[in-house]
Structure formats: structure tokens, C-alpha cells
Amino acid sequence: MSSMVSSAFTLPSTKTDLISSISQKKYILHSFLPKKSTQFTSRSPRNAQIKCVVAGNGQFTQVSPEVRRIVPLKNNNLPTVKIVYVVLEAQYQSSLTAAVQTLNKTSDVANFEVVGYLVEELRDKATYLAFCKDLEDANIFIGSLIFVEELAIKVRDAVEKVRDRMDAVLVFPSMPEVMRLNKLGSFSMSQLGQSKSPFFQLFKRKKQGAGFADSMLKLVRTLPKVLKYLPSDKAQDARLYILSLQFWLGGSPDNLVNFVKMISGSYIPALKGMKIEYSDPVLFLDSGVWHPLAPCMYDDVKEYLNWYGTRRDTSPKLKSSNAPIIGLVLQRSHIVTGDESHYVAVIMEMEARGAKVIPIFAGGLDFSGPVEKYFIDPITKKPMVNAVVSLTGFALVGGPARQDHPRAVEALMKLNVPYMVAVPLVFQTTEEWLNSTLGLHPIQVALQVALPELDGGMEPIVFAGRDPRTGKSHALHKRVDQLCTRAIRWAELKRKTKADKKLAITVFSFPPDKGNVGTAAYLNVFASIFAVLSDLKKDGYSIDGLPESAEELIEEVIHDKEAQFSSPNLNVAYKMSVREYQDLTPYATLLEENWGKAPGNLNSDGENLLVYGKQYGNVFIGVQPTFGYEGDPMRLLFSKSASPHHGFAAYYSFVEKIFGADAVLHFGTHGSLEFMPGKQVGMSDACFPDSLIGNIPNVYYYAANNPSEATIAKRRSYANTISYLTPPAENAGLYKGLKQLSELISSYQSLKDTGRGQQIVSSIISTARQCNLDKDVDLPDEGAEISAKDRDLVVGKVYSKIMEIESRLLPCGLHIIGEPPTALEAVATLVNIAALDRPEEGISALPSILSETVGRNIEDLYRGNDKGILKDVELLKQITETTRGAVTAFVERATNDKGQVVNANDKLTSILGFGINEPWIQYLSNTKFYGADREKLRILFGFLGDCLKLIVADNELGALKQALEGRFVEPGPGGDPIRNPKVLPTGKNIHALDPQAIPTTAAMQSAIVVVDRLLERQKADNGGKFPETVALVLWGTDNIKTYGESLGQVLWMIGVRPVADTFGRVNRVEPVSLEELGRPRIDVVVNCSGVFRDLFINQMNLLDRAIKMVAELDEPEEQNYVRKHALEQAKSLGVDVREAATRVFSNASGSYSSNINLAVENSSWNDEKQLQDMYLSRKSFAFDSDAPGAGMMEKRQVFEMALSTADATFQNLDSSEISLTDVSHYFDSDPTNLVQGLRKDGKKPSAYIADTTTANAQVRTLSETVRLDARTKLLNPKWYEGMLSTGYEGVREIEKRLTNTVGWSATSGQVDNWVYEEANTTFIQDEEMLKRLMNTNPNSFRKLLQTFLEANGRGYWETSEDNIEKLKQLYSEVEDKIEGIDR
């Protein structure tokens, strides 16, 4: 890798050299950087070598605009015309340079000077100053495709100052701010968007972007002809603007020579009287088919194919009717400017591998039309290609401007083949990208990775680099090789018969233990695999010896009775010798730095590497090895993650090269492959995920509610991610003492005015104490005399608490792929969908409608309920029950006796028709809410009807089959189906969202509510004082589901608001005045998860800019804690205020999590100090908006100083299915105990959790939330019986909750003793329960016992000696049982 980076490189200087150098296969298949630089050197200065130095200004690119400056030799007394241009991409650089050089050689009227800037370079202060200086004496300014708002504003500000003095300002499609700068004589666009002329109407369209650019092209075609005959100067100036656009879009050096002649002759005062002759623009097709060896561009695909068939230079393989056909999508500007060598390389490589190509291009930003025109046979309506690869990097419709994803998806669904979007480097040179740990530039990730994903694009492979001197693109041959092979492998899936296809199903085992094989979030993995294989077998796939049931399948994979090799762990499917491993794994030596020589001691028997799993004919079920360092406390402390171990690499070498899989199916959320070290996005061949996945098409079942990690799998393991549903949610309900309490409260309400009131309240207080509710509710002493009014308040508070427990949503059991919920299982989900107001869709929430009926505002009711006002708690309970009843009545009417939704459409249409008395009205007529607003109800239930259809629809198996047959899988958002029902039905290719679209206005409003409640709560708990600093966490998934609520919370704490541009993208913030804020600005320490860092690096940039801006505001320190702390820290560190105000941290690039979760899950830690060291060493990497190109930099000292000022720690819970003990991520990121150790006064910070899972957002303390979680999940019979009904996996789910509870004890000390005590009573003291656990999954049961003993040993649980003895005795019994099984 290092040799690749440091060697200089050259490019063939002409197209013919290029074609001939490409046809020498020796060159194309190896690295694009020659081994010996002498091989290609030539004496001509055009081929002079360039070396890039990476460092400098901390920006992403260090290329100096000076390489784009041409200064004429001014020895001829001719006037000089100076041109300054700013463009998005560099393809115009060589063309414009050539044009100006030609003019200087041939012109006898003027000298021409030119200098160009890439818009992204203007972020650098020095470059921006140079740009402003260049404008001072420029005659002509040209701008094109300027669509990044903060940079558009910089361009506008600079050009505006000199616009009146300049002779001509020409701006081609860009943001309105920049388009308004246009001026040619009397033609101007300063009134843009206000005038009535058709030209201006273009800019007023809602859907600026693709439609705008296309309308502009049509206009370019027709207007010059019309304007020619109009006499006025204005019309002539407008005509020359349109001609300029034609010349520009024509892009060739000849067109640009004539363009410069025309503008100079018409508008430069010194040249006004001279007749400068220029030719009309040479027009190219707007869209068509292009091939570098073809005599012309084709407008008709049939003509192109006729030419293709007559070629003499192709191999017989390519002539065969069996050759796969790949459609390529190209950018017209690269072809017309002659910057197309990277396209040529892909075309030649595809053909060398035996694939025919149909390369199409379009000049506008909408490729959906050309895709349909050239890739679909007009007669049969069938696709003429087997896969499509877009080499533009842009979304299919709209490019860098405003996208139209529905239109793109519609075109791709018609085409119905795999769609890959490869990426050419735009803002970095090749060497800068190779040296970057981030990989692709954040703006490029947003435009060219995130947006194409919304169309269903996959595999963002960087295939082209950029030369720092000429700005030209060139192929990265190893990457082109990878891209072409993978595209052909996807195309082969379309053509291969089902009986011949080989599928490798990969399951995960985390933590590594036999009881954990087949771990995946919310998924019953083996029952799902069994369902999938049974279905594939029916469909014609060759699957031999499939057992009769899912249970037998588990047994065979975990330990085959007839195993060839005895293995203490799992069934061994293959033994790979070290020599074979090294032959098959080219990168094996790179793993030795971390793991020593192969075979190592993981997945090995000392001599061979072992692949675990079981083969059934053409299907192999394998167990992915784990990271390998989870059991080693020292490795867990490393700030950067280790490479994969030899066993991990051997697994993927086996799947690809020995088993010969046509596709791999990763089963469930989630494995380790996509989290291996390497660039964040836009990997090189030295990145481990890229090496591991190799050339195998990757299909990945991912939980629909986890779009963020699904996106990592998409970008880093090239996965086609298919969503599956989380199990249907139910209300937690009440049990044991809680149920008794509820009955006592009912008695109190009917008897409180008789003499028995006091007596019942005493029983309520003592029962509440037995249920440990005294920590959550302030209870009076038992036996104390209480006035009637106070009695109501005590009962109200207890009632409010148990209602909170009862109505909490929990996913029951585990999902099985292909088994959608029945309609009645969907009731709880629909009730929660009905509980949210959706103002943007004009839908009122059912609780709001019902509360209005009785003259109350729902928000006031929520507040009263939270305070424990008895009549409010009771009314809210009635509203909740009525909501459930009305929704159930509606669902029952839509289902048959078996509980299935019958022909949902017909049934629902008849209900929603006006003639029949609607079921919800019938239900409400027997309640106090009979007067509810019928129109609002009808709109709401119409929406719920749509949601019901989506919930019970199912395409999880269907989508998998589409992917395996090489068809297009429809894309869809991931997230919480309650907030965003568009997540349903599952079985879609999950994507996240446009990272620049958050936070939205609605998210910002919710954020303000939560921040205000958090600060209120902290003041109440902290003697009326505001917290000076809050340490909080930003998660990827949460911000996708809530459209940036937690991001908005950080902005509101420091007192700034986001500002969106014309396209709704957020790239700027402005401070809110202290008067408006009404409180001090709160300092923050932001810990971004590794996934948030990968997905939202632009937003990290935004946050860092915002915090530094606030630190520099001239405000009193007691009103601006950010400034107060930054000044203190700047002084003690000896740095400036901006650097001291570093507050946005995460992991090093390519690393994820603090590893505390791994240490806790594997019991591989000694003491809490060690966990805190892990957190500090792995989470202290800062993002610096002043040097974004430098990536994540370690700044541990600033991190510790910032944390030492924290008065509170804070996290968000945003959806019902994931709570604090369901996953290990939450405690892994919790710094509560750590902050206490860092604070000078040693005081423990308050720890809060915001819960926005229901319409009534709450801020609770961490300990309150842990108690709520334990009561509703771990200790709740409804939950654990639901889990146990799934068998083997269910025991593991119970054990996981207990382990995560220990994690919270370790990081925060906020778990009450009774939680462990009750868990012990529930699972260990109950003999029958104990036997069930032991027999169902002895390995997980052993881990459960170990966790109880560990909780006691580490001092988190005090209990009787008898309990501990019993646990120890059980532990040795289960050990014997497991040993016995394995013997």
C-alpha cells in the first residue's frame, strides 16, 4: 500500500495512446500506479511526473488552483482578457486549458489569461482569498453546478463585490443565489424567481433540479432560433447567454474556443469594434449510446447493437449469445470534454471479461428516460441488460441538485435488474483518497453515496481517481477489476438456473459460545433459515438432506451426530491447511501484524484453519467467526480495532473459492464483517471488508428498525440489505404485586368517600413498597395520617406509575422470516400509530380527538398525569382503553375467523364507505366519547386502514428470491414503523436518508421540548441551578428514525438553530439571542457512535462549527458556559479558543464502540477503571471542522477536560422495541462513573434518559429507566414467556438482558439491588423455570448463572449465602451436562 501511495504516476497523453495502453492487458489488470515509474515516462513536458504531498491545510484536497492558471506571454501590446471559473468537478479543466492555449497561439486581437477553482477548494481560507484577489482584475466569471449552499454563498459574496465592474458573468445550472449573478449586457437574472418570462418560470418550479436542467436543455435547443429574429438588444443578449450554455454543454476544446471568442468579441470593451469571427456550437446528442471505438454516438440502441455485432476486434466469447450484457450509465460532460479515460477502462475491462456493454449517456440530470429508452426492448418490454452500473456516481434523477427518487425507482423497477452506482473521485486526488482514513469526501458521500441509495443503488466502489495537475479522471485498475467482476457476478444470477445456484448462508455467534450460534436482533434465526430453505427447495434450488424441523437444523449445525471431526464447539465443515489458506487469501500476510503467523489459535486446531457449519447440497450454512479480541482485555484497550484474524479470512476464502458461492446471505442484524478496519466509505483494496467479501454478491437480512447499521453493511460489505419486521409489539400489562396494586386503586376510586379510604391507601402504600415503587414515587410513612386531598395525590402518583408500566410497548417473542403478524397481533402497533399527531398529513391522533370531545387538551392531560393528579390519570386511562377498543373493533371488522386480514382492500373500502355505520363509531357510542369529531376519525381510520394493509403484507421471502434471481429489490426507508409507516411492508432494500436533510423543522420542535424538560428536571434535582455541561450521545439509527431530533437537542442546548437552503439541506446554523433563549448556553460533550460518524460526518462538521461559533461569541461567561469552559481550557492547554472548544468526539475512523460492551459480554475485565480507560482510549478522537480532511484526530486531553465539567449525562430512547437493556450499545457509551472520576469535586453527575417512544415525551433518571425496563421486560411473565416460546433463542434473549443490566451497574452504578434479587427469584428459585432454561439451551443457561455470580462477585448484588451456594452448585451441574453432551 505504501509503495502505491508514494510512487509518482503519469497518464497517456492522447486518446489513441490511452486505447492502445488499455488494450495491453498487462497494464489494465494491475495497479493503476506503475511499479517502476520509468516504464511510462516520456520526455515531453506534458507527461511530466507529479508528486502529491498530503498534509498542509487540513482540507480534503491540497491541489493548488495554480495548476489551472495560464498566463500569456504579453509581449505584443494586445489587450488581455482574464477569465476566472468555478466548477463542481474537474472535467472542464483540460478542455478549457486547451482552448485558451489555442487562442493564445492563434489570436491576433487579445491575450487570454485563465484560472480555475473547484468549488470545494474554496473552503480553505488562503484559496478563497486568492479567488477574491483573482476576481479583482477579471473580465469574465464562469460558474457551473454550484449546489453546496455554504460554498454557493462564498462564491456569491465574492462575485457580487465586483459584478458591476466585470464585463460578463455567466453561471450555468447552480443554486438560485449564484444564478442571480448572471449578466451579459442587458441580460440579467437578478430578479430570478420573480419575473413572468418563461425563462424565469423555470426557476420557480417546485421540483428544481432534474426537471429544471432538462427544461433548460429543451430551451437551449429552441430559443436561439426564436431569439435571432427579435430586434431588441435584450433578446440578443439572452440569445448569447443560451448560445454560451450550448457551447459550455458541448464542452470540447473547439466549442470552448468559440465560446471565449463570442463573449470576448461581444462584451470586452477593448475588443468591441473588432469583428471576431466564431463558429456555431458543435452540438452532440443530448442522450444516446457511446462506445470509444464506435464511429459515432447512436440515438438508436438497435443501430448500436448492429455496429457491435460487426466488430472485428472482439473475442469469440463476446460474440456468443450467452455473454452477459451490462448497461453502463455515463455523464455526457466527461465524454464531450474528452475526460473519459476512466469510462474507457471500465468498458474494455468488461469486454475483456466476456461481457457485452451498452454505455448510455445523458446531458441533463435525469437519466430515467434514457434508461428506459436504451435498456428496455421497446417491443418485448423486457430488459436488454442483465445488470446496470452507473459510473456517474449521482442519483438517477436530479444529479447534485434536487432528486426525484420515486421517478428513479419507477424506472429501475421497470428495468428490474441489479443496479450498482460506482463512484469517481471528485474532490480529492487519487493519492489524497488513498491516504485518507475517512475515504471519500463527506460532501461526495452525501451526493454520490447516500442519494443513489435512496434509488436502490448499491456497491459504492471508487473506480476512478483524479490527476492533481490536469484534473483529468483516470481508472484505478484494481478497483475497476473489482467493479467489473462484481457486476458480472450479479448479472450471472439473472442467467444461472436455480438448480445450479450455490448459496452460502452465514449466521453469527456473538459473544462466541455455543449457546449463541444464530444471534440476530429480534429474529428467530434457525426457524427463519428453515422457512427460507423449505421455500427455496420448493422453488427448485438443490438442497439435500434438509432436516424435518428447525430444532433438528440447530442440532446439526451446532453439532452434527455424524461429524467427521470431533469439535468441542461446532460442526466442522472444512479443514483448510495453512498452505491452501495462503494460496487462496492474498492479504493473509497483512493479518500477521495483529495475529502472528497462520493458523493462529482462533478457529484452528493448531495445524489447520477450521470452517464451522454444515452443507446441504448447494446450500452451505456457516458460522461467521467473531472479532477474536473480545476475550482479551489488553486488545480491548487499543484505540483502533484489530484486523480480522486468520480464521475470519479463511471463512470467506472458503465460501468464495472452495464452496464457490454464487451469493452469500448474511442472516440477521448483525455480523462483524462490515465493522472491520478500513476507510469509512469508498474503500480501497487495502480495506478489510473489501478484501473479505471479495467478488461474492452479498444479500443481507437486516432489521427494518436499524437503517444506520444496515447502511454500514451496504457501503462497507456491498450488501443488498433486505428488511425484516421486528416482532409485533404488545402492551407490557401488569403482573403479581403490580396487578394487585391496580385492583386496590380501583377499589379506592369507588370507596374513597366512605370510611375505608384511609385503610385502602395504607394497603396501596405497603404494596407499592413491596413492588419497590418507593424509589419512583415519594411514599408517606406507613401508618401516617393523610388528608383526603393528599390521599388522592399519593394514589394518583402510584396509579400514573403503574399505567406507565402497563402501557409500555414490548416486542413479544421473535420474528420468523416470511411470517407476517396476524391482524390482531397488529393491534398494539396500530394503537401506537394512532397515538401520534401527523400535522403534515392532516391527521389528528386518536387520544387528541377523544380528549377534545370532553373539553380537555391532551398535552395538559399528559402534564396532569405526570404530576399524579388522580382525575387526570383516570381520564388518560379511559382514553388509552377507548383508543385500544376502537382500533380493535376496526381490526376485527377487517379480519376473518382465523384472524387474517381478508382481502384487506375490499373489506376496508366497505368500512370506509359512508353507507355503513363505521365500527369505531359503534364502539365509541357506548363510551363518554360518543361525540368525537367524525370527519377527523374518518381521516385517521382511513390512514390506519392503509397501515394495516402494510403491516400484514409480506415480501421478506419474495425480496430474497428477487435478489438471488438477479432482479431489482425495491428500496425503502428503515426506521420505526410507528413514526414512519412507510418502513412497511418489509422485504425492501433498506436505506437511510439524505444526511444533509436533518434536523428537520419538526425534529427541531420536538428537540426543544425535550431539552426544556431535561433542564427543568436537572434544575429541580440540583438546587435550581442549570447544568454547565451535559455529556450526551448521538446514535445513527435514532437520528434517522427521528429525522435528527437528538442532533437538534445539541444545537438547542448551545442555543443555535439550523438554517436550511433552497433544497431543504442543512449546512448552516445561526445563533439564537440570549433574550430569546431565556437561559445560559449549555456546554456539551458529544460522543458520536462510530455509525453516526460514518453516516453523518457532514452533521459532525456542522456541530463542530456551531460549538466553535458559540465559544467565540462576545457574551458574559455566566450566560455562555461553552465560552466560559473554552477560555479556561485554552489557558491551561496553551491553545486558542477554537481548539479548546473541541466537543465533537467519536472513535478513530474504521473503529466502532468503546469495547466496554465486548468486555462485559465476555467477562473480560478486571475493574471499572479498566472499562473507563477503554472508553477514553477509544472515544477520544475529535472531528475538526477547521481541518475536515484530517479525519478523526486523537485529542484525549481536551476530551478529559471537557468531560470533567459535566453535571449531567444524557441519552435518548426513541422507539419501543429497543430499550436500555435490549442492546449493549447504550451502556457501552455511558460515561456516568467516568465523569465522576474526572471531576475535581468527585461528584457523580446526574444521569438522564429522554424517552420519546410515546406522544407523551418524558425525561427520567437513568435509574428510573432501568427499573422501568426491568419491570416491563426481564421480570415480566408476558415478555419472558413470549421469548421462551421461541425455544433455544429465547433463553439467550433472557441471559442477554441480565448481562446488559450488569453493564449498567459497571458504567453507572444505577441498578437497584432488588432487580437482581427479583431476577434470581424468577429464573433460579422457580424449579420448573430452572429446568426449562437448562434443557432448552444449556450453554446460555450456564452464561446466565455465571452472570448472577459475577454480579455478586463484583459487588453489584448483595444476597444470601444460600442463593450463592445454589448458583454455584447449579453451575457445576450444567457444566457436567454440557460436557456430557459433547463427549
Short side-chain to backbone donor-acceptor contact, S174 and L145, under 3.5 Å: yes
Any donor-acceptor pair under 3.5 Å from R479 side chain to F463 backbone: no
Spatial distance of atom CD (Q246) from atom CG (D280) [nearest 0.5 Å]: 8.0 Å
T337 side, atom OG1; K472 side, atom NZ - distance, nearest 0.5 Å: 7.5 Å
Set of side chain to side chain contact (heavy atoms under 4.5 Å, CB included) partners for C132, sequence neighbours left out: Y128, A158
Validation: residues 85-92 side-chain donor-acceptor distances under 3.5 Å, sequence neighbours left out:
unit_1	atom_1	unit_2	atom_2	d
E89	OE2	Q331	NE2	3.1
Q91	NE2	S333	OG	2.7
Y92	OH	W248	O	2.6

Whether K161 side chain and E136 backbone form a donor-acceptor pair below 3.5 Å: no
Minimum heavy-atom distance Q996-A446, with the two atoms named: NE2-CB, 3.3 Å
Distance in Å, E121 CD paired with L118 CG, rounded so as to fall on 0.5 Å steps: 4.0 Å
Nearest heavy atoms of Q448 and V426, plus distance in Å: OE1-CG2, 3.7 Å
Pairing residues for E277 by the salt bridge (charged side-chain N to carboxylate O under 4.0 Å, His left out) criterion, not counting sequence neighbours: none
Heavy atoms from other residues, nucleotides or ligands near NZ of K133 exceed 12 (cutoff 6.0 Å): no
pair V148-V119: side-chain heavy atoms closer than 4.5 Å: no
CA sep, side-chain torsions, deciding dist, call: E120, R123, salt bridge (charged side-chain N to carboxylate O under 4.0 Å, His left out): CA-CA 6 Å; E120 200 49 41; R123 283 182 197 279; 2.3 Å; yes
N111 side chain near P79 side chain, heavy-atom distance below 4.5 Å: no
Exam field: side chain K154 to backbone L122, donor-acceptor pair closer than 3.5 Å: yes
S244 side chain reached by F172 side chain, heavy atoms, under 4.5 Å: yes
Least distance between heavy atoms, S473 atom then D339 atom: N-OD1, 2.8 Å
Side chain S95, main chain G251, donor-acceptor under 3.5 Å: yes
CG-CG distance between D237 and N182, expressed to the nearest 0.5 angstrom: 12.0 Å
Worked verdict on F284 versus L249 for side-chain contact (heavy atoms from CB on, under 4.5 Å): CA-CA 9 Å; F284 297 95; L249 293 173; over 6 Å; no
Candidate pair R163 and E160, rule salt bridge (charged side-chain N to carboxylate O under 4.0 Å, His left out), full reasoning: CA-CA 5 Å; R163 177 176 181 264; E160 236 167 22; over 6 Å; no
Which atom of L135 lies closest to which atom of R165, heavy atoms considered: O-NH2, 2.9 Å
Distance (rounded to the nearest 0.5 Å) between D124 CG and D1186 CG: 11.0 Å
Close side-chain approach of P359 and V289, heavy atoms under 4.5 Å: yes
H334/H342 under side-chain contact (heavy atoms from CB on, under 4.5 Å): CA gap, chis, key distance, verdict: CA-CA 10 Å; H334 276 280; H342 54 318; 3.5 Å; yes
Counterpart residues, side chain to side chain contact (heavy atoms under 4.5 Å, CB included), relative to D299 (two or more places apart): L285, K373, Y374
Of V336, L328, I360, L330, the residue whose pairing with W290 passes side chain to side chain contact (heavy atoms under 4.5 Å, CB included): L330
I83 and N139, any side-chain heavy atoms less than 4.5 Å apart: no
Heavy-atom pair of closest approach, residues A345 and V480: O-CG1, 4.1 Å
Heavy-atom pair with the smallest gap, counting every atom of R332 and A362: CB-O, 3.3 Å
Sidechain-backbone polar pair: N255 side chain, V282 backbone, donor-acceptor under 3.5 Å: yes
Donor-acceptor contact below 3.5 Å, side chain R1068 vs main chain E149: no
Salt bridge (charged side-chain N to carboxylate O under 4.0 Å, His left out) between D134 and K82, worked out: CA-CA 9 Å; D134 267 325; K82 182 174 177 185; 2.9 Å; yes
W433 side chain to F427 backbone, donor-acceptor under 3.5 Å: no
Derivation of the side-chain contact (heavy atoms from CB on, under 4.5 Å) call for I146 and M175: CA-CA 6 Å; I146 301 168; M175 297 191 77; 5.9 Å; no
Test salt bridge (charged side-chain N to carboxylate O under 4.0 Å, His left out) applied to R1105 - qualifying residues, sequence neighbours left out: E150
Q428 (side chain) donor-acceptor with H441 (main chain) under 3.5 angstrom: yes
Q444 and V423, any side-chain heavy atoms less than 4.5 Å apart: yes
Pairwise side-chain contact, E431 with D467, heavy-atom cut-off 4.5 Å (strictly under): no
pair P292-E340: side-chain heavy atoms closer than 4.5 Å: no
Residues 256-265 side chain polar contacts: donor-acceptor under 3.5 Å, at least two apart:
unit_1	atom_1	unit_2	atom_2	d
N258	OD1	S279	N	3.0
N258	ND2	D254	O	3.2
S264	OG	V260	O	2.6

Gap separating the CD1 atom of I140 from the CZ atom of F112, nearest 0.5 angstrom: 7.5 Å
Criterion side-chain contact (heavy atoms from CB on, under 4.5 Å) on R69 and E113, from CA distance to verdict: CA-CA 7 Å; R69 186 183 298 279; E113 181 182 338; 3.8 Å; yes
